[in-house]
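Structure, as structure tokens:
Chain letters run A, B, ... following the sequence lines, proteins first and then strands; every chain starts at 1. No hydrogens, no waters, no symmetry mates; every other heavy atom, side chains included, goes into these values.
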There are 2 protein chains.
Amino acid sequence: MGRRSIHTAEELRELILQAATELIEKDGLAGLSAREIARRIGYSPGTLYNVFENLDDLVLTIEARLLDRLANRLGEPASSGDPAQRVLHLARSYLAFTHENPKLWNLLFEHHMPSGKAVPGWYQTKLDGLMTRIEETLSPVMGTSDPAAVKRAARVLWAGVHGITSLSTADKLSNVTSDSAGPLVEDLVVTYLAGLRGQGRA
Amino acid sequence: MGRRSIHTAEELRELILQAATELIEKDGLAGLSAREIARRIGYSPGTLYNVFENLDDLVLTIEARLLDRLANRLGEPASSGDPAQRVLHLARSYLAFTHENPKLWNLLFEHHMPSGKAVPGWYQTKLDGLMTRIEETLSPVMGTSDPAAVKRAARVLWAGVHGITSLSTADKLSNVTSDSAGPLVEDLVVTYLAGLRGQGRA
DNA sequence: ACCTGAACACCGTTCAAGT
DNA sequence: ACCTGAACACCGTTCAAGT
């Protein structure tokens, strides 16, 4: 047949992303399929490949938007002026965000590039932006003296919070966190910061 | 054709698990396929289904063995008598283990049951055993007063170490942990334990 | 009893052909 | 220019038929 132009290129792109996101939110990466997307938007499978290079490209686009949404969320007013409270606020915001779209968030860690292919540059850039945000929030707590120490502490906290949220949203290790994730994140941040003080690093 | 009996049922089972493990170690869960396993062991695809219910069953079996291997490893002689050092030793052993078979370890978190199906009971049991091991090691550090507090701290530490190792073995967020995982785990454990002391919880 | 291989219902991706 | 749909090379899983 050919040429329908019922939707503009832009609309078509959104339609595809929308359908893909719905599939992922339902059954995770396993529930995603090019043919199923095509079915849902009423186009043939081939059409997807006019818009995206392949499924990885499509998934990466969804991940990018998710990271942008998180960045926006974490950029909200910084609440209390107490530096330690601000770190806690950041962790809570992160946790809340991941719990709003658990399957979608899980996608970030469930999806891997085919071996050989590296993740695109803009992807790393977005992640770097998030790391920087954490470092900035942590820096006042530690005193700006040693940037490397702040960097390390930021990574430890990010990874730690990630571990808790990922175990709880993957729901596979649910018994490991039958304790809801909230109190665990709270405990991690508060205790880790207390440890920094105890070591004279804050 | 039918009936070959070149291998016993037991041998066949091992052959399948062996081939599957190799595929996973190469390309992760995405590299696993029933037909490819069959090709590699020189049997028809149907044969796999005489031995395992389906691919999930096979994967779960591989995960079980992995968890057993980890449990054995963590059961090794407890090194120094200093309680805090023993916690550190446990974390290091865990990290070392996950780095020996990164793709295989990643399988535990990459693989999800189809929605609806729960993970089998023995799976939870194995995980519980690991948690108990951590709690036992942590307990002397905290004083046995409050078991719930030990439980919580054990979960926070396990999840935290998991977060660090998973970000580093998934190699996707490599820049987040371009700092090698070792120092980060060290930092987490040492600082968290210092925090417990600072809060009068240890 | 054990194993095969055809069959069914799916995939991702490409591309000549149509409008 | 845009889209189709057949084609190719794959999947997981089942099960009648063979030895």
**Pair B/D187-A/Y192, side-chain donor/acceptor within less than 3.5 Å** = yes
- Query: Quick one: is B/S33 getting a side-chain N or O under 4.0 Å of the D/dC10 phosphate, OP1 or OP2?
  - Reply: no
B/Y43 OH to C/dT4 P, in whole Å, measures 7 Å
- Query: Would one find a side-chain N or O of B/Y49 under 4.0 angstrom from OP1 or OP2 of D/dT13?
  - Reply: yes
Separation of D/dT14 atom C1' from B/L55 atom CG, nearest Å, is 14 Å
Rounded to whole Å, NE2 of A/H7 lies from P of D/dT4 at a distance of 12 Å
Query - side-chain N/O B/R39 vs D/dC11 OP1/OP2, d < 4.0 Å - result: yes
Please work out if A/L12 contacts a base, only the sugar-phosphate, or nothing of the nucleic acid, heavy-atom cut-off 4.0 Å. sugar-phosphate
From CD1 of B/I41 across to P of C/dC2 the rounded distance in Å is 15 Å
Original post:
Do B/Y94 and B/H162 have ring centres separated by under 6.0 Å?
Top reply: no
(message) Less than 4.5 Å apart, side chain to side chain, heavy atoms only: is that true for A/R13 and A/T61?
(response) yes
A/L23 CG to C/dC11 P, in whole Å, measures 10 Å
Full working for salt bridge (Lys or Arg N to Asp or Glu O under 4.0 Å) between B/E22 and B/K103 | CA-CA 10 Å; B/E22 283 170 15; B/K103 294 274 173 59; over 6 Å; no
Can you tell me how far P in D/dA9 sits from the matching atom in C/dA9, rounded to whole Å?
22 Å
- Query: Does a donor on one side chain and an acceptor on the other come within less than 3.5 Å for A/T137 and A/R133?
  - Reply: yes
What is the nucleic acid contact for B/T47, judged by heavy atoms within less than 4.0 Å: base, sugar-phosphate only, or nothing? base
Could you tell me if A/H112 and B/D27 have a donor-acceptor pair between their side chains, going purely by distance under 3.5 Å? no
Whole-Å distance, A/E53 CD to C/dC15 P, equals 14 Å
| task | Could you verify whether a donor N or O on one side chain and an acceptor N or O on the other, from A/R65 and A/T21, lie under 3.5 Å apart? | result | no
A correct dot-bracket answer for DNA chain C, with pairs being Watson-Crick or G-U at under 3.5 Å, [ ] for crossing pairs and | for inter-strand pairs, is ||.|||||...|||||.||
note: B/L48, atom CG; C/dG5, atom C1'; distance rounded to Å ~ 14 Å
Out of C/dG12, C/dC3, D/dT13, minimum distance to the side chain of B/N50 belongs to C/dC3
Note to self: Counting only side-chain nitrogens and oxygens, does A/S44 get under 4.0 Å of the OP1 or OP2 atom of D/dC3?
What the structure shows: no
Winner on side-chain proximity to B/R35, out of C/dC11, D/dG12, D/dC3, is D/dG12
Whole-Å distance, A/N54 CG to C/dC15 P, equals 14 Å
